[in-house]
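A short worksheet on the structure shown next.
Naming: A, B, ... by sequence-line order, numbering from 1 per chain.
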2 protein chains.
Amino acid sequence: MKVLRVPEATIGRLSVYSRYLEQLDKNGVTTISSGEIAKGVGVSPAQVRKDLAYFGEFGTRGVGYNVKDLIRYLHRILGLTHPWPVVVVGAGNLGTALCAYRGFRDRGFHIVGVFDNDLLKIGKRIQDLEVLPVEKIPEVVKEHGVRIGIIAVPQQAVQEVANILVKSGVEALLTFGSVAVRVPPHVIVRNIDLTIKLEILTFYLNFRETHPATWLEPNI
Amino acid sequence: MKVLRVPEATIGRLSVYSRYLEQLDKNGVTTISSGEIAKGVGVSPAQVRKDLAYFGEFGTRGVGYNVKDLIRYLHRILGLTHPWPVVVVGAGNLGTALCAYRGFRDRGFHIVGVFDNDLLKIGKRIQDLEVLPVEKIPEVVKEHGVRIGIIAVPQQAVQEVANILVKSGVEALLTFGSVAVRVPPHVIVRNIDLTIKLEILTFYLNFRETHPATWLEPNI
DNA sequence: TAGATTGTTAATCGATTAACAATC
DNA sequence: TAGATTGTTAATCGATTAACAATC
């Protein structure tokens with residue numbers, strides 16, 4: 001069986017290329033080379049071509065890539081040909097921030113439900129959504145065909161919320177903090193741990209102070 | 001010149017080991033082997049030993065590691081022997097969420113200042129802090145010796161805020177969104193782009209649907 | 001044809017894992 | 001000594017980069 005063997009970093013870069021190309025497209029650029037993309041986003045031209053090569057041949061030798069076509073291909077690869085309904089569980093500050101974040105909608109991620117179990121928050125309006133009780137999750141997930149859930153609740157509630165989402169049919173979760181969520185194998189989970197990010201910063205700050213002679217610039 | 005050549009992933013894992021060991025320490029565990037740490041956090045025993053080996057010899061052959069000692073070593077490596085004052089710029093939902101996040105304080109990151117340029121937000125209280133105008137950044141940074149800044153402002157204001165922070169003496173920045181911040185070479189920047197995280201999820205969801213035969217479980 | 005740029009292979013670089021001597 | 005586990009080297013695996021034939 002042939003198997004998908006693409007570095008996850010490649011997917012992240014495809015997303016970056018895609019945004020950069022959309023920008024160029026808006027400015028009327030019609031054709032671009034791997035070298036120009038590379039320069040625009042800060043990677044090597046070989047990297048750009050390799051990343052694309054995992055998925056097909058999208059360019060013309062001697063000419064480069066048609067910007068509009070390449071955007072279309074990238075969107076197809078990334079699954080961005082249609083909008084994705086998303087639910088956010090947790091209507092605290094983080095949940096509210098996520099609902100208000102324009103970047104999601106700009107890329108086709110539509111938040112179609114916000115949930116909480118705090119009676120003080122239920123009924124509140126966030127953007128154009130009403131905060132619903134957690135019990136309504138299955139209903140909303142089914143109604144909109146939601147496959148992605150964002151969990152923005154206190155650490156001790158994360159697993160419980162994950163269980164509810166998975167049971168409702170959600171197939172991918174974005175979580176925060178340091179909780180290792182247990183999910184069935186078909187569910188894809190990615191976690192963002194802000195504290196680890198800060199600890200990486202402190203490591204570098206501390207290390208270059210204590211070992212200036214062995215310091216190596218770590219940026220990107 | 002000998003040079004620091006540690007994968008950044010190693011630093012992240014050291015942070016994870018450290019938290020796991022602290023948990024064990026609380027439960028009275030005094031000694032632990034690389035295999036037990038590995039099992040506890042979900043990596044290979046060789047990985048644990050290799051990660052530690054970059055920084056020294058902390059165990060006893062045939063015995064394992066002393067939990068309390070190892071925690072101390074890890075804290076020293078990560079630079080967590082003292083608390084780190086941090087400033088947050090932007091008192092919107094995200095900034096407020098970050099100020100309220102207990103995880104930071106638990107690991108020694110003390111938010112000593114929140115700033116905004118919105119007159120409606122200045123003077124507001126977040127936790128035990130008053131939102132200050134952006135003009136106060138240099139003063140607070142100097143007063144507390146702040147070296148780390150978190151930027152939680154709208155995309156178009158990120159570079160400007162970064163300039164102010166760097167000018168005030170901040171040496172490390174955590175940013176959100178997709179803006180490439182330009183900073184002098186001594187400043188360390190790490191960015192969190194939530195949209196890319198969602199696009200990685202959509203890629204996997206989309207791909208396993210369109211190419212079920214080549215699907216490979218991507219989790220961790 | 002000459003110049004440019006892709007797609008792809010081979011070389012390099014880097015990180016993880018396996019294996020084992022050292023040693024408690 | 002026998003058993004266990006580290007620290008480290010060598011082998012493996014995977015990702016990036018260099019180089020170049022293909023081709024517009």
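- Listed here is the closest heavy atom pair of A:Ile111 and A:Leu98: CD1-O, 3.5 Å.
- Closest of all the heavy-atom pairs between A:Phe176 and A:Ile151 is CD1-O, 3.4 Å.
- Results of the side chain to side chain contact (heavy atoms under 4.5 Å, CB included) test with A:Thr31 over A:Val67, A:Leu70, A:Val63, A:Asp69 single out A:Val63 as the only residue that passes.
- Of all the heavy atoms in B:Arg182 and B:Asn163, the pair that sits closest is O-OD1, 4.3 Å.
- Nearest-nucleotide positions on DNA chain C for A:Ala46 and A:Gly62 put A:Gly62 closer to the 5' end.
- Each of B:Lys50 and A:Thr60 lies near DNA chain D, and the nucleotide nearest B:Lys50 is the one positioned closer to the 5' end.
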* **Base-pair map of DNA chain D as dot-bracket, where | denotes pairing with a different strand and pairs are Watson-Crick or G-U under 3.5 Å** => ..||||||||||||||||||||||
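- Tested against B:Val87 for a side chain to side chain contact (heavy atoms under 4.5 Å, CB included), the candidates B:Ile150, B:Val114, B:Ile148, B:Leu165 yield a single pass: B:Leu165.
- Between A:Val43 and B:Val63, it is B:Val63 whose nearest contact on DNA chain D lies nearer the 5' terminus.
- Ring-plane geometry between A:Trp84 and A:His82 is classed as tilted, the angle between the planes lying from 30 to 60 degrees on a 0 to 90 degree scale.
- Just one residue in the list B:Thr175, B:Val158, B:Leu94 forms a side chain to side chain contact (heavy atoms under 4.5 Å, CB included) with B:Val153, and that residue is B:Val158.
- For DNA chain C, the contact window with chain B, defined by any atom under 4.0 Å from a protein heavy atom, covers C:dA15 to C:dC24 in 5' to 3' order.
- Considering only heavy atoms from C-beta on, B:Ile196 comes within 4.5 Å of A:Arg19 through its side chain.
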